[in-house]
Amino acid sequence: SSPDSDGCTPELEKAGLLNKTKIAEGGRKLRKNWNPSWVVLVGNSLVFFKDPKSQTPASWKPGNSRPESSVDLRGAQLHWANELSSKKNVFKLRTVTGNEFLLQSETDSLIREWYNTIQNVIDRLDRE
Ligand code: I3P
């Protein structure tokens with residue numbers, strides 16, 4: 001049987017490396033700080049990990065694999081937001097709690113896949 005035969009383990013939908021910056025916390029604007037982030041879409045959440053490649057070997061410890069932060073996609077809003085950055089391929093994710101993130105990739109097809117996959121999860125949650 002599959003590891004999730006009980007249906008209780010959230011399904012891993014997508015994982016990959018994107019550039020990320022948080023631009024608002026609870027509706028309050030933050031200063032941009034772009035960093036590579038390992039992004040995992042699992043269940044109803046988008047989970048961010050620090051990019052291991054951006055860390056020195058000495059800084060790597062097993063405990064560092066814990067998520068940096070996590071975003072509940074229920075009620076979230078997704079918009080292309082190239083006007084919010086000098087970078088190309090940027091979209092904005094806004095949570096119900098007023099946290100806002102920009103996510104970016106140099107690869108057009110990759111960022112479109114992420115946009116569509118996240119939007120599908122948001123749409124699914126909207127229908128529940
Ligand atoms: C910011 C930094 C960001 C840039 C931002 C700058 O400067 O260069 O990369 O965002 O532009 O203010 P600093 O490091 O001094 O904070 P983009 O790369 O997304 O353009 P912005 O203020 O126009 O958003």
Side-chain angles (χ1 to χ4, degrees):
S1 68
S2 78
D4 189 33
S5 53
D6 63 357
C8 289
T9 309
E11 190 188 339
L12 177 73
E13 310 233 18
K14 196 169 178 58
L17 198 60
L18 293 175
N19 294 313
K20 184 196 80 166
T21 181
K22 192 174 188 177
I23 60 166
E25 166 88 42
R28 188 175 50 88
K29 202 167 178 286
L30 297 176
R31 183 169 180 178
K32 272 182 184 165
N33 181 23
W34 285 103
N35 282 117
S37 182
W38 183 255
V39 185
V40 178
L41 180 58
V42 61
N44 304 344
S45 298
L46 203 58
V47 186
F48 301 119
F49 295 82
K50 283 195 173 154
D51 171 22
K53 289 195 280 303
S54 71
Q55 297 173 26
T56 65
S59 77
W60 191 90
K61 296 181 196 74
N64 287 0
S65 64
R66 82 183 149 79
E68 188 184 28
S69 61
S70 163
V71 167
D72 183 0
L73 292 175
R74 192 179 293 275
Q77 296 181 332
L78 199 61
H79 297 286
W80 290 110
N82 286 315
E83 77 283 2
L84 295 182
S85 177
S86 60
K87 303 181 194 303
K88 67 169 192 171
N89 298 337
V90 175
F91 63 73
K92 181 171 87 172
L93 177 65
R94 185 185 195 282
T95 68
V96 281
T97 56
N99 294 343
E100 297 184 359
F101 300 86
L102 300 183
L103 293 169
Q104 188 266 348
S105 168
E106 289 302 307
T107 309
D108 300 17
S109 57
L110 201 146
I111 199 72
R112 255 186 281 115
E113 278 178 26
W114 272 103
Y115 185 95
N116 292 334
T117 309
I118 295 170
Q119 188 62 64
N120 284 343
V121 172
I122 293 172
D123 290 345
R124 168 169 60 73
L125 292 168
D126 280 348
R127 286 193 303 269
E128 278 180 10

Fill in: Check: Ser69 and Lys20 side chains under 4.5 Å, non-hydrogen atoms
yes
Worksheet entry | Sequence-distant partners of Arg74, salt bridge (Lys or Arg N to Asp or Glu O under 4.0 Å), two or more places apart | Glu128
Response to the item:
Residue set satisfying side chain to side chain contact (heavy atoms under 4.5 Å, CB included) with Leu84, at least two apart, ordered chain then number -> Ile23, Ala81, Lys92, Leu102
Worksheet, complete the sentence: The reported gap from CD in Glu13 to OG1 in Thr117 (rounded to nearest 0.5 angstrom) is 7.5 Å
Worksheet item: Between CG of Leu17 and OG of Ser37, what distance do you get to the nearest 0.5 Å?
Response: 7.5 Å
Worksheet item: In the hydrophobic clustering (ILVMFWY, side-chain contacts below 4.5 Å, transitive), which residues join Tyr115, or is it alone?
Response: Leu18, Val39, Leu41, Leu46, Phe48, Val71, Leu73, Leu78, Trp80, Phe91, Leu93, Phe101, Leu103, Leu110, Ile111, Trp114, Ile118, Val121, Ile122, Leu125
Fill in: Asp72 and Val96: CA distance, side-chain angles, deciding distance, side-chain contact (heavy atoms from CB on, under 4.5 Å) verdict
CA-CA 8 Å; Asp72 183 0; Val96 281; 5.8 Å; no
Worksheet item: Hey, is the main chain of Gly26 close enough, under 3.5 Å, to the side chain of Thr97 for a donor-acceptor pair?
Response: no
Practice prompt. Heavy atoms only: give me the nearest Ala15-Val40 pair and the separation to one decimal.
Written response: CB-CG2, 4.1 Å
Practice prompt. Find the distance between CG (Asn35) and CG (Asn19) and round it off to the nearest 0.5 Å.
Written response: 8.5 Å
Item to complete: Just jot down the salt bridge (Lys or Arg N to Asp or Glu O under 4.0 Å) partners of Lys87, sequence neighbours excluded, or say none.
Response: none
Worksheet, complete the sentence: Sorted by chain and number, sequence neighbours left out, side chain to side chain contact (heavy atoms under 4.5 Å, CB included) with Glu106 holds for Lys88, Gln104
Response to the item:
Rounded to the nearest 0.5 angstrom, the OG1-CG distance for Thr107 and Asn89 is 8.0 Å
Item to complete: Just grab all the ring pair (Phe, Tyr, Trp, His ring centres under 6.0 Å) pairs involving residues 13-36, residues at least two apart or on different chains.
Response: none
Worksheet item: In Å, rounded to the nearest 0.5 Å, how long is the span from CD of Gln119 to CD of Gln77?
Response: 9.5 Å
